[in-house]
Every structure is written in structure tokens, then in C-alpha cells.
2 protein chains.
Amino acid sequence: MTIKYAILGLLSWKPFSGYDLKKTFENSSEFYWSGNNNQIYKTLVQLLNEGLAVNHVEFQEAYPAKKVYTITDKGLSELKNWVLSMPEPPELRNTFLTQLAWADQLRDDELDSILEKYEYEVRMQLLMHREKSRREGATPARTQREAYLWKMVSENIVMFYENELTWVRRLRKELNENLIS
Amino acid sequence: MTIKYAILGLLSWKPFSGYDLKKTFENSSEFYWSGNNNQIYKTLVQLLNEGLAVNHVEFQEAYPAKKVYTITDKGLSELKNWVLSMPEPPELRNTFLTQLAWADQLRDDELDSILEKYEYEVRMQLLMHREKSRREGATPARTQREAYLWKMVSENIVMFYENELTWVRRLRKELNENLIS
DNA sequence: GTAGTCATGTAAGACGTTACATGATTCT
DNA sequence: AGAATCATGTAACGTCTTACATGACTAC
């Protein structure tokens, strides 16, 4: 369960409500998470139970009241332990590779057509990431080093998509050249 | 549900038993899948029910009987439809990026130490992939084009890890240089 | 008046992981 | 004697996704 730490991390930065967390996960590139209501609200209750966060209700006129969560000292030290813990290797899940593995049954034009679509998908992801990243410019890191780390997280994602693009372009080029010869 | 198509793909190549599929998913780099017993045996039953595969029992002396599954024409056309369908963009799940985002609380040496561990993990994954790939040399693709596609699937995975390595090495170098200045 | 945002949550199901269960055979 | 391999499967749990439910306000 790492959504717990994704949330704890954000709370270590500043207080959030469940709704704020959801928006942040959706709109951010660095702090992206496929966080849906269900998981977020459940995890927040769990954080309360474990004493890693506390909450207080903020009433607003014209809008529903919000429950704002603040991290505790216990939460901070739990987060630090996790950050120091053994990193897991990155996981690549790319169903397209499975599609490609069985694509020899396709005609040359069909094969190039799905490669083109894939290239398009990857380009879109890259654009979306860059756009989110741009809008995130205001995000104030607390130190210069933190700003650098966040930049490098973003850079990792960019490099991932660019790498994927060079791969698919090379594939398309090589397949086309073999057709001609 | 894409394990269905991962299995269907392998069955389009040659007949497999559940156990064979599990071994293949575990030991292969191109056809890797986190397929566990539970999912594989359930999906095979599903394939039977949908008429995408048929099975027959092979008795063996000294070993338990095995159920060997063969793809049907319906299965082949279902697979082709899927291969031609809209590719999904690749998904990157890297919990380490979340760890790194909140690593500014660490001392310089602690930070470098987790980066070193991450670099090690990635190097190990790359080695493991290369080793699996080497042992897979016997895998006989049916056409030259298929062999090329499989090579490129493998190449994609190599590039992914190499990309990750250059990123983490750059990160470590830049952090160290900033310390000195 | 229709859709979207703010804000909380629940329900149901799909998907994934770990562990258990059986039982003969083979390797160390 | 103990572990690993071959081969099937089940049980329990954990994670993730999609959809539903409520209700006031705002923007087109």
C-alpha cells in the first residue's frame, strides 16, 4: 500500500482535504497517482487510526465543509522511514508490447498503422505531462534541493516517453526500409 | 483483462498447459507476465467457455497428467482483433519517484545512499532481463519478421532500464557536484 | 436548464498477490 | 532426509477501477 505514502508525502508538505488530494493526484505530473475517491477517503481514515494525521473541519459559506488533514510527528517519522527504505525497481507495464509480439499476422500496412497509433498515444502522453508540469510552475518547493529533486522526477517521466518515442520511430523506419529492399 | 490476450498470444504460437504458461511467463523477458496460478487457471477455464481454446488431457508416466490447451479459429480471430485494436499508452509505475519527491528531509549521504541502492536495483533488473533473453535464444519465431518484432520487444525493455540508469547516474553526479561547489 | 465544481462518502466488482493443498518423482 | 520439479487447483486477502449517491452553488 503505497498510496498511503503518496498521501503522507503531500501532507508533509502542507495540509490537504480528501478533495484537494484527489485534484492534486489528477493534475500533477510529479505527484501523479491513480487515486480515486474510494482509496483516498479510506486511507485518510486509516491515517487517523494510526495516529499519522489529525483532521479538523473547515466550514465555508456557499460550499460544503471540508475536512483538512494535518500530518503528525509520528506521521513525519513514518514517512522518513519509508523514504529511507529499500527502493523497489521500476515496473514497466506496456500491454502494447504484448500486442506487438503477436502482430506478425498483420499485413505490413496494418502493422505500421498500429505503430503509428502507438506513436501518437505516446506523443499525447508527453504533451499532457509537459502541460501539467507547466501549470505546476507555481508549486513552491521548500528548499533549492527539493526544487531540484522535483525537477528530476519530472525529467524522469519526460525521458521515459522520449525513450519510447525513439524506439517506436526506429521500429517504423526499419520495417519500412526492409519493405523497400 | 489482458492476461487473457497474453495467454491467447502464446497459444497462437503453440499449445500450452497451465503449468507451461506459468513457467513461460516467469522465465521469459519478451512474454513476461506476473501470471500466478490463480489467474492462469481461471483464465483458461474462461477461454474454454468462450470457445477460444479447447483442451485435451495428456497422460504421462511418473508425472501428473497435464491439460494441454489449443487455440481455436475463434480464438485466433479474437486475438487478431485485439492486436489491431487501439494501443494503450505505456504506464510507468515507479514508487521510487514518490520516495525521491520527499527525500529532501534526508542528509546528503543518506540521499546518495538510496540513489545508489536504486541504481543497483535497476542494474540487477537489466542483468536479469539480459540473462532471460540469452536463455531464450532457442525460442523459434515463425518468420523473420516475427523474430525481428520479438527482438524489438526485448530491445524496448533494455532501453527502458538503460534510460533509467543514465537518469539516476546523472542525478547522483549533479548532486555530488553541487555539494563540492 | 444543463453541466460543472466543491466536497463528502459507499458499493460492487475486476484484477493481483500470497499462501495453502495434494501427491508422485527426482535430485542433493 | 529434505528440497525441488511436475501439475493441478482453491482460499483469502489486498489493491484498483467504475459507478453511484447527495446537495448547494456557479457558469453558460
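Just so it is clear: chains get the letters A, B, ... in the order the sequence lines come, proteins before strands, and each one is counted from 1.
- Out of D:dT5, D:dT10, D:dT18, the shortest distance to the side chain of B:Tyr19 is found at D:dT5.
- As rounded to whole Å, 14 Å separates atom P of D:dA7 from atom CD of B:Glu26.
- Counting to the nearest Å, the C1' atom of D:dA7 and the CG atom of B:Asp20 are 10 Å from each other.
- Atom NZ in B:Lys42 sits roughly 8 Å away from atom C1' in D:dT10 (whole-Å rounding).
- A salt bridge links B:Lys4 to B:Glu78: at least one charged side-chain nitrogen sits closer than 4.0 Å to a carboxylate oxygen.
- A donor-acceptor contact closer than 3.5 angstrom is absent between the side chains of A:Gln125 and A:Glu121.
- The residue A:Lys67 sits close only to the backbone: its heavy atoms come under 4.0 Å of sugar-phosphate atoms, none of a base.
- A donor-acceptor pair is defined here as one N or O able to donate and one able to accept, closer than 3.5 Å; no such pair exists between the side chain of B:Glu116 and the backbone of B:Arg172.
- Of the N and O atoms on the side chains of B:Glu26 and B:Tyr32, not one donor lies less than 3.5 Å from an acceptor on the other residue.
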Atom pairs, protein N/O to nucleotides 23-28 of chain D N/O, distance under 3.5 Å:
none

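- Protein chain A contacts DNA chain C over a range whose 5' and 3' limits, counting nucleotides with an atom under 4.0 angstrom from a non-hydrogen atom, are C:dT5 to C:dA12.
- Regarding B:Asn37, its CG atom lies at a distance of 15 Å from the C1' atom of D:dA12, rounded to whole Å.
- Using modelled atom types and a 3.5 Å distance limit, the side chains of B:Tyr5 and A:Gln99 yield no donor-acceptor pair.
- Rounded to a whole Å, the CG atom of B:Asn27 is 14 Å from the C1' atom of D:dA4.
- For B:Ser17 and A:Gln39, each mapped to the nucleotide of DNA chain D holding its nearest heavy atom, the one lying further toward the 5' end belongs to B:Ser17.
- B:Arg130 and B:Glu162 are joined by a salt bridge, as a carboxylate oxygen and a charged side-chain nitrogen come within less than 4.0 angstrom of each other.
- Neither side chain, B:Gln46 nor B:Asn49, offers a donor N or O lying under 3.5 Å from an acceptor on the other.
- With the nearest nucleotide of DNA chain D identified for both A:Asn36 and B:Tyr69, B:Tyr69 has the one nearer the 5' end.
- Between the side chain of A:Asp112 and the backbone N or O of A:Asp108, no donor-acceptor pair lies under 3.5 Å.
- Defined by atom type and a distance below 3.5 Å, a donor-acceptor pair is missing between the side-chain atoms of B:His56 and B:Thr70.
- A salt bridge is defined here as a Lys NZ or Arg NE, NH1 or NH2 lying under 4.0 Å from an Asp or Glu carboxylate O, and B:Lys151 with B:Glu155 fails to meet this definition.
- Rounded to 10 degrees, the angle separating the terminal helix axes of the helix from C:dG1-D:dC28 to C:dT28-D:dA1, each built from five base pairs, is 40°.
- Using modelled atom types and a 3.5 Å distance limit, the side chains of B:Glu164 and B:Asn94 yield a donor-acceptor pair.
- Distance, A:Tyr41 OH to D:dA19 C1': 16 Å, rounded to whole Å.
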